[in-house]
Enquirer: 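After the structure tokens below, expect a handful of questions from me.
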Number of protein chains: 2
Amino acid sequence: MNMNNDISKENILAIKDAIELLGGKWKFCILYNLQKYHTMRFKDLQEMSVGITPKVLSKQLQELEDNLLITRTVNATKPVTVSYEPTKYAEEVIPVIDALLSFGSKHRKKIKEKYS
Amino acid sequence: MNMNNDISKENILAIKDAIELLGGKWKFCILYNLQKYHTMRFKDLQEMSVGITPKVLSKQLQELEDNLLITRTVNATKPVTVSYEPTKYAEEVIPVIDALLSFGSKHRKKIKEKYS
DNA sequence: ATAGTCACTTTCTTAAAGGTAATCGATAGT
DNA sequence: ACTATCGATTACCTTTAAGAAAGTGACTAT
């Protein structure tokens, strides 16, 4: 069983990179919501991501911004609000979200069958 | 910003389930290799997944088996070997792997640009 | 008898992710 | 003055994932 070809190694690295960036408990949910509603304030995201705390949400958003997937905009509203939206580049993750969503739905059914 | 529709909530749960099952440092690599070579022994997988320890590999494989994504077969060889292969059902994760691989490759380039 | 292979398992330790709760600073309303 | 909102930040703590190192048991080869 040889893996002495660079393509395979590169592929593994690409998968690892992607999952390092997008993995974890919240990133996909945040991106899913941002793709769905396009613009969301901090508060909105907090309410949508049931169970997330401001500290964790803040960290996730910073990481997504660092990776060029979302933009952060401070609005001149009465109490200052901050808007987040997906970048053009974030469109590249839509296929991943879709595939994950599709598999996740099928898997929920599959596991239900297993225990019935 | 309302999320008072069940479809959205279901979708979020589906994504969460999928990432809970497939997330982590190794599962996608293991599945990628199994899809590529179809049958692999424990030793092969350990060599392919550079850096993994037997304990961790063993745990990942058990979880994948519990989730009906791979099968485990003990072979009657001189020193006993064990073969793992993806189930028919595991074909459902191929689109996720492909999407992740595609995004990961693009992202590696993107981040290279950012720091150059 | 000794050493090696394979597929694990066990124990211990560390690092990272995530959660709780309180607080901050700016602003506005009562 | 007091309270509330928004978007955080801080300190602290718990949980989980992962890694290191060694050992086990069945077997084979020398």
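Order of the sequence lines sets the chain letters (A, B, ...), proteins ahead of strands, with each chain counted from 1. Given the structure is predicted, the values throughout are model-derived calculations rather than measurements.
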Enquirer: What is the distance, to the nearest angstrom, from the NZ atom on B:K43 to the P atom on C:dC8?
Expert: 13 Å

Enquirer: Taking A:K110 first and then B:E92, would you say they form a salt bridge - that is, a charged N and a carboxylate O separated by under 4.0 Å?
Expert: no

Enquirer: Is any side-chain N or O of A:S58 closer than 4.0 Å to OP1 or OP2 of D:dT9?
Expert: yes

Enquirer: Kindly compute the distance separating CG (A:L57) from SG (A:C29), expressed to the nearest 0.5 Å.
Expert: 11.5 Å

Enquirer: Can you give one letter per nucleotide of nucleotides 16-30 of chain D, 5' to 3': B if a protein heavy atom sits under 4.0 Å from the base, S if only from the sugar-phosphate, - if neither?
Expert: -SBBB------SS--

Enquirer: So, B:K43 and B:T81: side-chain donor and acceptor under 3.5 Å apart, yes or no?
Expert: no

Enquirer: Send over the distance from A:R41 CZ to D:dA8 C1', rounded to a whole Å.
Expert: 14 Å

Enquirer: Please report the distance, rounded to the nearest Å, between CZ in A:R72 and C1' in D:dC6.
Expert: 12 Å

Enquirer: How many Å lie between CD on B:E47 and P on C:dA7, as a whole number?
Expert: 10 Å

Enquirer: When the distance from CD of B:E65 to P of C:dA7 is rounded to whole Å, what number comes out?
Expert: 15 Å

Enquirer: C:dT9 P sits how many Å from B:Q46 CD, rounded?
Expert: 13 Å

Enquirer: Any salt bridge linking A:R108 with B:E10? Criterion: basic side-chain nitrogen under 4.0 Å from a carboxylate oxygen.
Expert: yes

Enquirer: Could you tell me the separation between the CG atom of B:L45 and the P atom of C:dC6, rounded to a whole number of Å?
Expert: 14 Å

Enquirer: Tell me the interatomic distance from A:L21, atom CG, to C:dA16, atom P, rounded to whole angstroms.
Expert: 17 Å

Enquirer: Mind checking if B:Q62 touches a base, just sugar-phosphate, or nothing, with heavy atoms under 4.0 Å?
Expert: sugar-phosphate

Enquirer: When rounded to the nearest 0.5 angstrom, what is the spacing between NZ in A:K27 and CG in A:L22?
Expert: 7.5 Å

Enquirer: If the threshold is 4.0 Å, N to carboxylate O, is there a salt bridge linking A:K59 and A:E63?
Expert: yes

